[in-house]
Amino acid sequence: MSIQAIRNNAAQATVDIVLQDGAGRTLTHAALRAACRCADCTALRRAGGQPYVDGGIRLLAIEPVGAYGVQLIFSDRHDRGIYPWPYLEKLAATPP
Ligand SMILES: [Zn+2]
């Protein structure tokens, strides 16, 4: 199963992920930010911590990264997280 579309609902602070079969999942901006896998967030988790996610966090932009996935830019200036398509599928399949 692959992802057909990803849509930012700024007003609801959620992202819709539409799978190839048309099934849809909704993830919150906060959940996506918490799932960031950039080098900093990964190092933090290895050290036993968790990325700090403010409840008012917003996803500002979704930038394509070739055929690989997307880069998500958040309102806390966190913009280094790359979300490969398979990782987004996994997140969509197991909403928090
Ligand atoms: Zn990060």
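Whatever order the structure lists them in is the order used to number ligands and atoms, beginning at 1. Please read all numbers here as calculations on a predicted model, not as lab measurements. Just the heavy atoms: all of them, side chains too, but no hydrogens, waters or symmetry mates, feed the values below.
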Do [X] and [Y] sit in one hydrophobic cluster, given that two such residues count as connected whenever their side-chain heavy atoms are within less than 4.5 Å of each other, even indirectly?
X	Y	result
Ile62	Trp85	yes
Tyr87	Val15	yes
Ile82	Phe74	no

Report task. Under 2.8 Å from the Zn ion (ligand 1), which protein N, O or S atoms are there? Could you list them by chain and number? Result -> Cys36 SG, Cys38 SG, Cys41 SG, His78 NE2

Query raised in the report: Can you tell me how far CD1 of Ile57 sits from NE2 of His78, rounded to the nearest 0.5 angstrom?
Result: 8.5 Å

Query raised in the report: For atom CZ of Arg45, is the number of surrounding heavy atoms from other residues, nucleotides or ligands below 6.0 Å larger than 12?
Result: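 Result for CZ/Arg45: enclosed.
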
Requested in this report: Would you please name every residue forming a salt bridge (charged side-chain N to carboxylate O under 4.0 Å, His left out) with Asp76, sequence neighbours left out?
Outcome: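 For Asp76 the salt bridge (charged side-chain N to carboxylate O under 4.0 Å, His left out) partners, ignoring immediate neighbours, are Arg33.
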
